[in-house]
Amino acid sequence: MSQTAPAVLRVTERIEARSKDSRARYLGMIAREADRHADRGFLSCSNLAHGFAAAGPDKAAIAGMRGPNIAIVTAYNDMLSAHQPYGRYPERMKLWAREVGATAQVAGGVPAMCDGVTQGFAGMELSLFSRDAIAMGTAIAMSHAMFDGMALLGICDKIVPGLVIGALRFGHLPAIFVPSGPMPSGISNKEKQQVRQLYAEGKASREELLASESASYHSAGTCTFYGTANSNQMMMELMGLHIPGAAFVAPDTPLRNEMTRAAVHRLAQIGRKGHDYRPMAQVVDAKAIVNACVGLLATGGSTNHAIHLPAMARAAGIILDWEDLDELSAAVPLIARVYPNGSGDVNHFHAAGGMAWVVHELLGAGLIHADVLTIAEHGMAAYAQEPFLEDATLAWRPAPKASGDETMLRTVAEPFLPDGGMRLVQGNLGRATFKTSAVDPARWTIEAPARVFDDQESVTAAFKAGELDRDVVVVVRFQGPRANGMPELHKLTPPLGVLQDRGFRVALVTDGRMSGASGKVPAAIHVTPEALAKDGKPGPLAYLRDGDIVRLSAEDGTLSTTADLSAREPAPAPAADIGMGRELFAMFRLGAGGAEQGGSAMLEAAGL
């Protein structure tokens, strides 16, 4: 294990200095909560009786304060493949809790929407703000003050960040995330991508496309590409909130069951009344946030976390910005290539060495902090081991000494790329994120006339009409949190990919999001300030016009136009759409902060 790399240390110290006051306020609040709610004994008899009225065989233990009572906060639904396995978890977890003298209750459920279902349609405009709703749902579940620890059952895009944000407000309690694992691999990613592009070109039918997609997304478990959901699982390991190695073990297997059992047992051990107190507030500190950032960069994870990481950090009193990510990216090599950045999916990644390999490599190079508190014994070193069953008993062994597949996993000394591929670009059009890890370096700089759109449907129509068959920077504005909830624009990837394959130099610039599964087209995303006016001042994208020359360069960090924007009037913002429940989220849009601060109305209003 090496000393911490200078860049990692420098960024961490800068975050800690910037966060000194806000972190102190957070820890002060947590200390007060711990004193006020040391256990459920402070509740009156009537309150307490309500809390265990339906607890059946656990009533006497909960009433008599015999052992810790674990809150299960679940994102179960059986429409969403990643969360369908959670249906049977609570009954098993209650049995496992009793094995160690504890009890468990489902404290509440939180929504779990699927960006894959809503992608490109109206429901996607609720997606980002579902994170705030999940955080609030978590807080409501925990507000009963009946609990001594939190088992958090969630996997996908906004669900894990929402659970983190909500649980951190109860950071005097220990918390463990309990995943369910990825579905088995389906058809090859190359084949799936080919069918999507053929459909975009009108060369494949809807029936052929649906058959291809169904062969890819085909059973219970997390989707197997390395998008936001699987990036979440990686980050929970790097933040020390998983049982080591839990991220990518398949659902409904003996090993998965034993890992969930271990999570329940561990929660019973690390509560305030145990001998190994590990409150979530102490686990999630600046070093844990930096470790998550490094893991994201080293594995080519989802760009959505350029928004989620600052939001999660804020909930713990930690201030993270894109310059921190940019500086870390320059120092952290890319050591994993997982689809859409490579050919293999997360199952192949796991088989090649997976998280144990990644953590071992990063620790060995001093690129992550080793001296951190995790829910596991032995700190971050525990995560450089892989779990297995030995005579039906859960055990761990050291990470493999060599990569099982060098097309997927490489050493820090011989990486795929020398940097993490998530760069800050900025200029007179604002600040944005550019993910380079899946983009051909020959396309890291694009300078071309702009074609400006106010919605993604218009882009698709222009593509079908042949209006984009040229070198072009496609600008899609009024897609930020305040405008329409910042939907992902992943539906644009196939047509833009087709244009690129036709030999044109193409880029995307948007104040919206792109999916964690987006790949080869250069894009400046999350542009901030967004086009829609805040405090009466529109963002620069509102002043762009068709034909303006736009330069996007990851090589020199540029996002700019040669046009003089100062004498122009801004484009009028489209009226907010209603239907699909979007009108119920108007307060979230009106109060949303900038993308770099996490795009949250809830955190803004709370002054966090």
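Between H242 and Y383, the closest heavy-atom pair is O-OH, 2.6 Å. Contact between G301 and S231 at its shortest, heavy atoms only, is CA-OG, 3.5 Å. A55 approaches I62 most closely through the heavy-atom pair CB-CD1, 3.9 Å. Of all heavy-atom pairs between I318 and A286, the closest is CD1-N, 3.5 Å. The minimum heavy-atom distance linking Q84 with A220 is given by the pair OE1-CB, 3.3 Å. Here the closest non-hydrogen pair linking S219 and M183 is O-CE, 3.1 Å.
Remark: D324 engages R18 in a salt bridge, criterion side-chain N to carboxylate O under 4.0 Å.
For the pair D321 (side chain) and E596 (backbone), a donor-acceptor distance under 3.5 Å is absent.
Under the rule for a salt bridge (Lys or Arg N to Asp or Glu O under 4.0 Å), R25 has no partner lying at least two apart in sequence or in another chain. With sequence neighbours excluded, the residues that form a side-chain hydrogen bond (donor to acceptor under 3.5 Å, both in side chains) with H305 are N232. Residues that satisfy the side-chain contact (heavy atoms from CB on, under 4.5 Å) test with K534, not counting sequence neighbours, are R482, E604. Remark: D132 engages F588, S600, A601, M602 in a side-chain contact (heavy atoms from CB on, under 4.5 Å) (not counting sequence neighbours).
Within the 4.5 Å cutoff, the side chain of E237 has no heavy atoms near those of the V358 side chain.
Tested against N484 for a side-chain hydrogen bond (donor to acceptor under 3.5 Å, both in side chains), the candidates R589, Q479, R582 yield a single pass: Q479. When L241, I176, V372 are each tested for a side-chain contact (heavy atoms from CB on, under 4.5 Å) with V283, only one passes: L241.
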>> Evaluate L27 against Q282 for side chain to side chain contact (heavy atoms under 4.5 Å, CB included), listing each step before the verdict.
In response: CA-CA 9 Å; L27 292 177; Q282 297 295 340; 4.2 Å; yes
>> If you apply the rule salt bridge (Lys or Arg N to Asp or Glu O under 4.0 Å), what do you find for K94 with E91, and how did you get there?
In response: CA-CA 5 Å; K94 291 176 183 182; E91 60 191 70; over 6 Å; no
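Identified under the side chain to side chain donor-acceptor pair (under 3.5 Å) test for residues 138-155, with sequence neighbours left out: R40-D148. Residue pairs meeting the side chain to side chain donor-acceptor pair (under 3.5 Å) criterion with at least one member in residues 283-297, sequence neighbours excluded: K287-D371. Residue pairs meeting the salt bridge (Lys or Arg N to Asp or Glu O under 4.0 Å) criterion with at least one partner in residues 45-61, sequence neighbours excluded, are D58-R98. The stretch residues 42-54 participates, sequence neighbours left out, in no salt bridge (Lys or Arg N to Asp or Glu O under 4.0 Å) pair at all. Sorted pairs that involve residues 92-121 and meet ring-ring contact (aromatic ring centres under 6.0 Å, His included), not counting sequence neighbours, are lacking altogether.
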Taking only distance into account, with no hydrogens and no angle test, what donor-acceptor pairs under 3.5 Å do side-chain atoms of residues 387-399 form with protein atoms, sequence neighbours excluded?
unit_1	atom_1	unit_2	atom_2	d
W396	NE1	P244	O	2.9
R397	NE	E386	OE2	3.0

Name every donor-acceptor pair, under 3.5 Å, that has one atom in a side chain of residues 247-259 and the other anywhere in the protein, sequence neighbours excluded.
unit_1	atom_1	unit_2	atom_2	d
T253	OG1	A250	O	2.9
T253	OG1	R256	N	3.2
R256	NE	S180	O	3.4
R256	NE	V249	O	3.3
R256	NH1	A246	O	3.1
R256	NH2	A246	O	2.7
R256	NH2	V249	O	2.7
E258	OE1	R261	NH1	3.4
E258	OE2	R261	NH1	3.4

Output side-chain donor-acceptor pairs under 3.5 Å for residues 158-171, partner residues at least two apart or in another chain, one line each.
unit_1	atom_1	unit_2	atom_2	d
K158	NZ	D115	OD1	3.4
K158	NZ	D115	OD2	2.3
K158	NZ	S127	OG	3.0
R169	NH1	A315	O	2.7

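Between Y89 and T74, the side chains place no donor N or O within less than 3.5 Å of an acceptor N or O (distance only, hydrogens not considered).
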